[in-house]
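To find a chain, count down the sequence lines: A is the first, B the second, and so on, and within it residues start at 1.
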Amino acid sequence: MKPEARAEFFRILRDANPEPKSELDYATPYELLVAVVLSAQATDKSVNLATRKLYPVANTPSALVALGEEALREAIKTIGLFRTKAKNVIALSRMLLEEHGGEVPRTREALEKLPGVGRKTANVVLNVAFGEPTMAVDTHIFRVANRTGLAPGKDPLAVELKLLKVVPEEFRLHAHHWLILHGRYTCLARSPRCGQCPVYGPCGFKDKAKFAAPAAPKRSRLPK
DNA sequence: ATCCCGAGGG
DNA sequence: CCCTCTGGAT
């Protein structure tokens with residue numbers, strides 16, 4: 001995608017949604033961190049359903065450690081990968097208490113040392129909780145960046161670096177949310193809704209016309 | 001490359 | 001039935 005098309009792409013998404021927010025429910029950096037860890041390979045809705053009940057009971061490192069891994073596992077049982085996530089959230093909370101005064105660290109290095117926190121999760125926390133213009137490349141952004149030609153790359157890290165290079169400065173802070181929301185509601189994984197896509201113009205998807213066309217008229221085998 | 005892993009949609 | 005959902009650790 002050419003520079004002018006990229007700018008047009010983001011102008012359109014920005015004008016439709018000037019102040020995009022995360023769809024994960026959270027009130028503090030810690031609540032956000034835990035929600036993002038829980039969100040791996042799960043929908044925001046399923047995570048919110050669990051945290052809505054969990055956070056009133058325990059929403060700090062000390063409270064979750066006190067709650068214990070077994071109880072936490074039960075609380076998040078409706079989310080996928082719940083055994084691994086429960087273990088990681090407890091271990092991560094202990095580490096916050098022991099090494100960070102119970103606070104969520106603000107550096108990528110410290111965040112990535114936490115169990116269950118990799119590059120993508122660290123980027124989300126840095127962007128959403130601390131206002132840094134990072135590019136957290138998740139399943140949606142990886143797909144959108146490649147399909148549209150906005151920032152093609154063979155793996156998430158390549159796409160992240162490409163995005164940091166080509167997204168105009170004025171769009172960097174919110175690019176993460178514009179792209180993820182576009183992927184979630186319009187540029188769907190299996191059947192993208194090109195027919196009602198706001199960035200159909202600048203998009204470079206080869207088969208966009210195919211997905212934009214109304215359902216192919218059924219060929220009657222008994223014409224007339 | 002594989003495992004973990006429930007819920008919702010098609 | 002199959003695919004997808006704000007991945008990370010081994």
Side-chain angles (χ1 to χ4, degrees), chain A residues 13 17 20-26 29-54 69 72-93 95 104 108-148 150-151 153-160 163-164 167 172-193 195 211 215-216:
Chain A
L13 295 179
N17 190 1
K21 298 181 298 181
S22 171
E23 294 190 333
L24 284 172
D25 295 335
Y26 70 97
Y30 178 73
E31 285 192 5
L32 173 69
L33 171 61
V34 173
V36 177
V37 169
L38 296 179
S39 74
Q41 300 292 278
T43 60
D44 281 3
K45 277 185 187 174
S46 70
V47 173
N48 290 338
L49 204 58
T51 57
R52 184 176 306 151
K53 292 184 176 181
L54 174 65
E69 187 175 328
L72 177 57
R73 185 184 299 173
E74 287 306 310
I76 65 172
K77 209 159 181 38
T78 53
I79 306 177
L81 314 178
F82 63 92
R83 293 183 187 85
T84 304
K85 289 172 181 176
K87 178 190 290 187
N88 284 337
V89 168
I90 295 298
L92 155 174
S93 298
M95 196 173 296
V104 177
R108 171 188 308 289
E109 307 89 284
L111 286 167
E112 290 189 10
K113 284 179 184 169
L114 300 171
V117 178
R119 190 175 183 92
K120 179 262 171 181
T121 297
N123 277 327
V124 174
V125 173
L126 289 171
N127 178 266
V128 179
F130 302 131
E132 294 188 29
T134 58
M135 301 292 173
V137 180
D138 63 3
T139 180
H140 292 300
I141 297 186
F142 184 75
R143 179 180 68 252
V144 170
N146 277 296
R147 182 185 280 161
T148 63
L150 175 71
K154 56 176 170 43
D155 55 56
L157 180 58
V159 169
E160 178 186 335
L163 282 169
L164 289 171
V167 176
R172 263 175 229 159
L173 182 59
H174 295 306
H176 165 65
H177 284 131
W178 283 320
L179 292 173
I180 196 170
L181 293 172
H182 180 60
R184 182 176 298 165
Y185 296 112
T186 304
C187 199
L188 309 188
R190 279 206 254 176
S191 50
R193 298 175 176 170
F211 288 94

Please list, in numerical order, the residues of [range] that have a heavy atom closer than 4.0 Å to any atom of DNA chain C.
range	answer
residues 73-87 of chain A	A/L81
residues 29-43 of chain A	A/S39, A/A40, A/Q41, A/A42, A/T43
residues 120-132 of chain A	A/K120, A/T121, A/V124

[N] [atom2] sits how many Å from [X] [atom1], rounded?
X	N	atom1	atom2	result
A/F142	C/dT4	CZ	C1'	15 Å
A/R119	C/dG8	CZ	P	11 Å
A/E160	C/dG7	CD	P	14 Å
A/E23	C/dC5	CD	P	14 Å
A/K113	C/dA9	NZ	C1'	17 Å
A/L157	C/dG7	CG	P	16 Å

Name all residues meeting the side chain to side chain donor-acceptor pair (under 3.5 Å) criterion together with [X]; count only those two or more places apart in sequence or in a different chain, and write none if there are none.
X	result
A/R184	A/E23, A/D44
A/S46	A/T43
A/S93	A/Y30
A/R143	A/H140

Legend entry - C/dC5 phosphate, OP1 or OP2, under 4.0 Å from A/T139 side-chain N/O: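 A/T139 to C/dC5 OP1/OP2: side-chain N or O found under 4.0 Å.
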Legend entry - Phosphate-side-chain proximity, A/R143 and C/dC5, N/O vs OP1/OP2 below 4.0 Å: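 For A/R143, the contact criterion (side-chain N or O under 4.0 Å from OP1 or OP2 of C/dC5) is met.
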Inset, instruction - Could you tell me which non-hydrogen atom of A/A91 sits nearest to which non-hydrogen atom of A/P115, and how far apart they are? - result: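 Taking every non-hydrogen atom into account, CB-CG, 3.6 Å.
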Legend entry - Least distance between heavy atoms, A/Y26 atom then A/L24 atom: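 Closest pair (atom of A/Y26, atom of A/L24, distance): CD2-O, 3.4 Å.
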Inset, instruction - For A/N48 and A/D25, indicate whether the former's side chain and the latter's backbone hold a donor-acceptor pair under 3.5 Å. - result: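 A pair under 3.5 Å: yes.
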Inset, instruction - Tell me, please, which residues at least two apart from A/N127 pass side chain to side chain contact (heavy atoms under 4.5 Å, CB included). - result: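 Partners of A/N127 under the side chain to side chain contact (heavy atoms under 4.5 Å, CB included) test: A/T134, A/L173, A/H176, A/H177.
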Inset, instruction - State which residues pass side chain to side chain contact (heavy atoms under 4.5 Å, CB included) with A/P29; sequence neighbours excluded, sorted by chain then number. - result: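 A/P29 satisfies side chain to side chain contact (heavy atoms under 4.5 Å, CB included) with A/V104, A/A129, A/F130 once adjacent residues are dropped.
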Legend entry - P spacing across the pair B/dC5 / C/dT10, given as an integer number of angstrom: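 Going atom to atom, P in each nucleotide, I get 15 Å.
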Produce the list of close N/O pairs, under 3.5 Å, pairing protein atoms with atoms of nucleotides 8-10 of chain B; give distances to one decimal.
from, atom 1, to, atom 2, distance (Å)
B/dG9, N2, A/R190, NH2, 2.7

Legend entry - Point-to-point distance, once rounded to the nearest 0.5 Å, from CD of A/E112 to OG1 of A/T121: 9.0 Å
Inset, instruction - Any chance you could measure A/I76, atom CD1, to A/L49, atom CG, to the nearest 0.5 Å? - result: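 Answer for the CD1-CG pair, A/I76 versus A/L49, is 13.0 Å.
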Inset, instruction - For the pair A/E69 and A/R73, find out whether any cationic side-chain nitrogen is under 4.0 Å from an anionic carboxylate oxygen. - result: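 Salt bridge present between A/E69 and A/R73.
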Legend entry - salt bridge (charged side-chain N to carboxylate O under 4.0 Å, His left out) contacts in which one or both residues fall within residues 119-137 of chain A, not counting sequence neighbours: A/R119-A/E160
Inset, instruction - For A/H174, check ring-ring contact (aromatic ring centres under 6.0 Å, His included) against everything at least two apart and list the hits. - result: A/W178
